[in-house]
Protein chains: 2
Amino acid sequence: MQNKKLKSPAMSTLGDIIRRARQAKGWSQRDLSARTHMPQAQISRIENADVDPQVSTLIELARALELELQLIPKSALTAVEATVRSTKARSDERAFQSLMAELMRAAEQAHAMTPDREDIASLLSSLRDLQPLTPALRAGALMGDLMSVQTLLHGFLTYPPAERPRHTQPIRDAAQRLKDLRKMLAHAPAGERPAYSLDDED
Amino acid sequence: MQNKKLKSPAMSTLGDIIRRARQAKGWSQRDLSARTHMPQAQISRIENADVDPQVSTLIELARALELELQLIPKSALTAVEATVRSTKARSDERAFQSLMAELMRAAEQAHAMTPDREDIASLLSSLRDLQPLTPALRAGALMGDLMSVQTLLHGFLTYPPAERPRHTQPIRDAAQRLKDLRKMLAHAPAGERPAYSLDDED
DNA sequence: CTCGGTGATGCCGTTATCTATATCACTTGC
DNA sequence: GCAAGTGATATAGATAACGGCATCACCGAG
């Protein structure tokens, strides 16, 4: 790696994969550094392909990120990639269903406690509208918004009732955001690839 | 990698994978060295895990061996391994069928040229017996023997007729060897795992 | 037995990673 | 505004890979 600055901007390097995996876990470089007893500076250099790391270093990073270094025969590569995609889609779907179920429970509980608040009622109805959306329509979006709704509802339910009015505006905003999102997703270009089906490769 | 000599003897390291891939191609360390402009000494050290190579080094070796370095999510690992196994089994089966077809042609041609030679006749019948064996019964064996039969037949067919008696004993041996193999494989422990089926993981 | 090919090992000089530490510019939230 | 967290970058020293070259023991074929 003689050239530190001439990196291909389009290609997806190993560093990019590490970075994406780290971000998918919501970790900072320092978080990952703590879990690997490896300096944050080194992680930065690796993600930016400023260094050509040793295999043991890469393996240590991968292990912390629940990845495994594998040498795949080129002939099996497309099948393997399809397998990884399909596995990921399945686990994403499980995560969505689980989070959505929890949110529905929380929203219904909040609604029962404060039936007169229309921000809560609106949020609940937004969630009800979102639930039947197929994975193909969601296509990876939406998860982040749901997670912020989660912290929102959690705050509403756990803080003392006197604090509740403080949540009104954020909840109103979140409900509107979800309504907009649903509209956008439902009217997305129709013929898109499913991006996830119960098929199997080969 | 502070300890150069304390390597786990059971675990399959990256070096082992490189070595197996190289041997599967029938290459010596110097062959691989020539294709990677990398010293043979370095390859030896990597295969024996005497060094902790840089990622670029590993990638270069992998490229020459038609392997691809991949970071696989642990959750997808078993599915991916199944995919690789199944892909390999399929390509092995193709290779076997193709080689077997060529051998049948060659043996029949040789038999037609010299109908009185019973060594050739015996070899032909051995091949005919082997052909219907299922992949599960063969289970990876047999391929090496067929390849030596290939060079044998090729020699018999291309050298001048005067040289043909010289092949008699090797051909006789090969035919016997194949007969023994067939007997062994056909009487192998019955309930063995198929090792290859048209299934799909997950 | 000799010869060619195999893989393993040693040495050396160059270059690089890596650890440790500190600092930088930038963004986010209070 | 300040403070905290983010990722990128610098420096210095210890360690190690790497290329090049040489050599070694082993082994199967002629």
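Per chain, numbering begins at 1; letters A, B, ... match sequence-line order. Heavy-atom basis, side chains included; hydrogens, waters and symmetry copies ignored.
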When you look at CD of Gln176(A), are more than 12 heavy atoms from neighbouring residues, nucleotides or ligands closer to it than 6.0 Å?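 Count over threshold, so yes.
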
Per-nucleotide protein contact string for nucleotides 18-30 of chain C (B base, S sugar-phosphate only, - none; heavy atom under 4.0 Å): SBBB-B-------

Under-4.0 Å side-chain N/O to phosphate OP1/OP2 contact, Asn48(B) with dG7(C):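 Asn48(B) to dG7(C) OP1/OP2: no side-chain N or O under 4.0 Å.
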
Side-chain N or O of Gln29(B) less than 4.0 angstrom from OP1 or OP2 on dA8(C)?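 It does, given that an N or O in the side chain of Gln29(B) lies less than 4.0 Å from OP1 or OP2 of dA8(C).
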
Any residue of residues 20-28 of chain A with a heavy atom less than 4.0 Å from an atom of DNA chain C: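 Per residue number, the list is empty: none.
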
Over how many whole Å does the gap from [X] atom [atom1] to [N] atom [atom2] extend?
{"X": "Ile18(B)", "N": "dA8(C)", "atom1": "CD1", "atom2": "C1'", "answer": "18 Å"}
{"X": "Glu47(B)", "N": "dC18(D)", "atom1": "CD", "atom2": "P", "answer": "14 Å"}
{"X": "Asp50(B)", "N": "dA17(D)", "atom1": "CG", "atom2": "P", "answer": "10 Å"}

In Å and rounded to the nearest 0.5 Å, what is the [atom1] to [atom2] distance from [X] to [Y]?
{"X": "His154(A)", "Y": "Glu102(A)", "atom1": "NE2", "atom2": "CD", "answer": "8.5 Å"}
{"X": "Thr83(A)", "Y": "Glu81(B)", "atom1": "OG1", "atom2": "CD", "answer": "11.5 Å"}
{"X": "Ile171(B)", "Y": "Ile120(B)", "atom1": "CD1", "atom2": "CD1", "answer": "3.5 Å"}

Will you find, in the side chains of [X] and [Y], an N or O donor that is under 3.5 Å from an N or O acceptor?
{"X": "Thr168(B)", "Y": "Arg117(B)", "result": "yes"}
{"X": "Ser28(B)", "Y": "Asp31(B)", "result": "yes"}
{"X": "Gln70(A)", "Y": "Gln70(B)", "result": "no"}

Does the pair Glu68(A)/Lys74(B) count as a salt bridge with the N-to-O cut at 4.0 Å?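 Looking at Lys74(B) together with Glu68(A), the answer is yes, because their closest N to O distance falls below 4.0 Å.
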
Nearest heavy-atom pair of Gln150(B) and Leu103(B): which atoms, and what distance?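 Minimum heavy-atom separation between Gln150(B) and Leu103(B): CA-CD2, 3.6 Å.
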
For the residue pair Ala110(A) and Leu153(A), what are the closest heavy atoms and their distance?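 In terms of heavy atoms, the two residues are closest at CB-CD2, 4.4 Å.
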
How bent is the helix from dC1(C)-dG30(D) to dC30(C)-dG1(D), measuring the angle between the end axes built from five pairs each, rounded to 10°?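 One end axis against the other gives 40°.
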
Heavy-atom side-chain proximity of Ile59(B) to Leu61(B) below 4.5 angstrom: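 Sidechains of Leu61(B) and Ile59(B): no contact.
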
